[in-house]
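What's counted below: heavy atoms across the whole structure, side chains too, no hydrogens, waters or symmetry copies. Note that ligands are numbered from 1 as they come in the structure, with each ligand's atoms numbered from 1 the same way. Computed from a predicted model, the values in this text were never measured in an experiment.
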Amino acid sequence: HLTCPKLACEPLSNPHLNCTKKDRLPQEAQRTWLRIVALGVSLALVTFLLWSSAGIDDDVAEVVAHRGEVLEGRFIEVPCSEDYDGHRRFEGCTPRKCGRGVTDIVITREEAEQIRRIAEKGLSLGGSDGGASILDLHSGALSVGKHFVNLYRYFGDKIQTIFSEEDFQLYRDIRQKVQLTIAEAFGIRASLLYLTKPTFFSRINSTEAQTAHDEYWHAHVDKVTYGSFDYTSLLYLSDYLEDFGGGRFVFMEEGSNKTVEPRAGRVSFFTSGSENLHRVEKVLWGTRYAITIAFTCNPDHGIEDPVLT
Ligand SMILES: *[C@@H]1O[C@H](CO)[C@@H](O)[C@H](O)[C@H]1NC(C)=O
Ligand SMILES: *[C@@H]1O[C@H](CO)[C@@H](O)[C@H](O)[C@H]1NC(C)=O
């Protein structure tokens with residue numbers, strides 16, 4: 001670049017010197033300088049903000065779904081793990097697109113309350129000595145003390161005095177809605193998904209664990225625990241901080257965990273492989289109700305909807 005010598009631009013020193021074009025250069029250089037300084041300051045500011053927020057993330061996970069939010073649908077794609085390679089692949093169903101989603105508009109809060117009453121009825125017949133009880137309407141398994149009983153075998157025909165056909169119809173409707181939601185989010189056909197076991201209600205309170213069955217809080221991968229799982233979903237039936245404290249769901253990731261705060265009617269769903277390592281925080285007070293609804297792509301691992309017989 002040519003620079004205009006300062007003296008040469010003084011009109012008085014040489015009025016004939018045509019320096020009009022050249023004498024803009026120092027002004028332009030000044031503006032360039034200002035821009036560089038402004039850029040430097042902004043960069044420093046951004047760096048500081050990123051640094052300070054990263055510092056906060058060290059101990060506070062990012063909340064992807066707050067209890068007070070009503071999410072139409074939030075979907076986060078994550079790369080699939082290799083867990084699916086160890087199993088038979090079902091094209092058009094076995095995850096090629098992996099990730100996690102949350103929606104509050106698929107199941108209404110009224111439906112959540114109705115289905116919670118089914119859970120309450122069933123679980124009131126038993127309950128673990130520890131803090132975590134389950135009721136599986138498919139197999140009939142119910143936590144009692146330190147074990148499980150089969151509700152259907154135990155009650156026989158009398159089961160119809162406990163649950164109604166409407167209860168079971170609601171359960172099936174909800175399963176169907178969740179199945180459609182998962183299929184849409186992952187771009188697969190809902191008819192290729194099969195309900196699989198275990199699919200169950202859970203009731204958790206703050207009582208200390210008595211057996212390994214009560215230890216729900218360990219980080220785990222669903223597909224490692226239950227080989228048949230391809231897609232896992234959770235329907236929450238109570239509200240975080242209204243009905244219970246602790247008990248939030250956490251996707252564990254290097255650098256920053258991602259938390260889903262339970263809310264009645266909230267459906268959280270995700271591919272079941274290691275890309276979605278997760279845990280549930282210990283419940284600190286109150287009672288937390290949820291349903292785990294699992295799907296497989298392998299028809300051999302499919303189970304039927306429960307029916308009242
Ligand atoms: C938690 O539930 C169990 C039954 O599963 C019950 O025995 C216990 O009293 C409950 N604990 C609290 C703190 O409510
Ligand atoms: C994620 O959660 C785990 C288990 O609660 C914890 O040990 C880890 O420090 C958390 N990571 C971050 C980045 O917060």
Side-chain angles (χ1 to χ4, degrees), residues 49-67 76 78-79 81 99-100 102 116-137 140-151 154-155 162 198 200-222 224-225 232 234 236-262 268 270 273-292:
L49 286 176
L50 281 177
W51 171 79
S52 56
S53 69
I56 289 165
D57 270 352
D58 274 350
D59 30 2
V60 179
E62 184 189 331
V63 178
V64 291
H66 285 273
R67 70 175 176 120
I76 300 157
V78 294
S81 63
R100 32 186 103 142
V102 183
R116 175 182 160 155
R117 277 195 220 110
I118 304 175
E120 285 170 346
K121 271 196 289 192
L123 284 156
S124 71
L125 303 170
S128 164
D129 286 348
S133 307
I134 66 113
L135 165 66
D136 177 340
L137 287 183
L142 170 72
S143 305
V144 179
K146 292 181 174 58
H147 307 278
F148 298 95
V149 298
N150 187 322
L151 204 63
Y154 192 82
F155 285 93
I162 299 157
F200 58 92
F201 288 102
S202 59
R203 182 186 70 189
I204 308 179
N205 70 17
S206 61
T207 293
E208 213 178 303
Q210 301 296 315
T211 72
H213 295 299
D214 298 318
E215 298 190 14
Y216 56 85
W217 58 84
H218 300 293
H220 64 277
V221 171
D222 289 351
V224 173
T225 311
T232 307
L234 299 154
Y236 294 110
L237 305 176
S238 36
D239 292 316
Y240 172 62
L241 296 188
E242 289 284 330
D243 302 312
F244 63 91
R248 299 183 306 167
F249 181 99
V250 185
F251 288 109
M252 293 176 62
E253 281 181 6
E254 255 172 64
S256 130
N257 294 334
K258 304 283 188 289
T259 305
V260 175
E261 296 179 350
S268 165
F270 49 91
S274 308
E275 66 277 7
N276 283 314
L277 173 71
H278 61 271
R279 66 187 284 265
V280 174
E281 296 173 331
K282 280 191 183 181
V283 169
L284 303 174
W285 56 266
T287 307
R288 177 195 195 267
Y289 283 91
I291 319 181
T292 300

Tabulate below the donor-acceptor pairs under 3.5 Å that side-chain atoms of residues 200-209 make, not counting sequence neighbours, or state none.
unit_1 : atom_1 : unit_2 : atom_2 : d
Asn205 : OD1    : Thr207 : N      : 3.0
Asn205 : OD1    : Thr207 : OG1    : 3.4

Problem - Per-ligand residue contacts, ligand 1, heavy-atom threshold under 4.0 Å - result: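 Near ligand 1, by chain and number: Gly127, Ser128, Gly130, Ser133, Arg203, Asn205, Ser206, Thr207.
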Practice task
Please work out whether any backbone atom (N, CA, C, O) or any side-chain heavy atom from C-beta onward of Glu253 is under 4.0 Å from ligand 2, and answer side chain, backbone, both or neither.
Solution key: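 Answer for Glu253: neither.
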Problem - Arg279, portion touching ligand 2 at heavy-atom distance under 4.0 Å - result: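 Contact part for Arg279 vs ligand 2: side chain (C-beta onward).
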Problem - Residue pairs, two or more places apart or on separate chains, that pass side chain to side chain donor-acceptor pair (under 3.5 Å) and touch residues 141-151 - result: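 Of all non-adjacent pairs touching residues 141-151, those that pass side chain to side chain donor-acceptor pair (under 3.5 Å) are Asp129-Lys146.
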Handout entry: Spacing of Leu284 atom CG and Phe244 atom CZ [to the nearest 0.5 Å]
Key =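 If I round to the nearest 0.5 Å, the distance is 10.5 Å.
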Problem - salt bridge (charged side-chain N to carboxylate O under 4.0 Å, His left out) partners of Arg279, counting only residues at least two apart - result: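 In terms of salt bridge (charged side-chain N to carboxylate O under 4.0 Å, His left out), with neighbours along the sequence ignored, Arg279 is linked to no residue.
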Problem - Numbering as shown, the atoms of ligand 2 that approach Asn257 to under 4.0 Å (heavy-atom distance) - result: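 Near Asn257, meaning under 4.0 Å from one of its heavy atoms, ligand 2 has 1 (C), 2 (O), 3 (C), 8 (C), 10 (C), 11 (N), 12 (C), 14 (O).
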Exercise for the section: Could you tell me which atoms of ligand 2, counted from 1 in the order shown, lie closer than 4.0 angstrom to a heavy atom of Gly255? Expected result: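 Numbered from 1, ligand 2 contributes 13 (C).
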Problem - Minimum heavy-atom distance Val144-Gly126, with the two atoms named - result: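 Closest heavy-atom pair between Val144 and Gly126: CG2-CA, 3.9 Å.
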Exercise for the section: Write down the atom of Ser238, the atom of Asp243, and the distance for their closest heavy-atom approach. Expected result: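 For Ser238 and Asp243, the tightest heavy-atom pair comes out as CB-OD2, 3.2 Å.
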Exercise for the section: Side-chain contact test, heavy atoms from C-beta onward, threshold under 4.5 Å: evaluate it for Val63 versus Arg248 and give yes or no. Expected result: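 Counting from C-beta outward, Val63 and Arg248 do come under 4.5 Å.
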Handout entry: Phe251 ring center near Phe270 ring center (under 6.0 Å)
Key =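 Under 6.0 Å, so yes.
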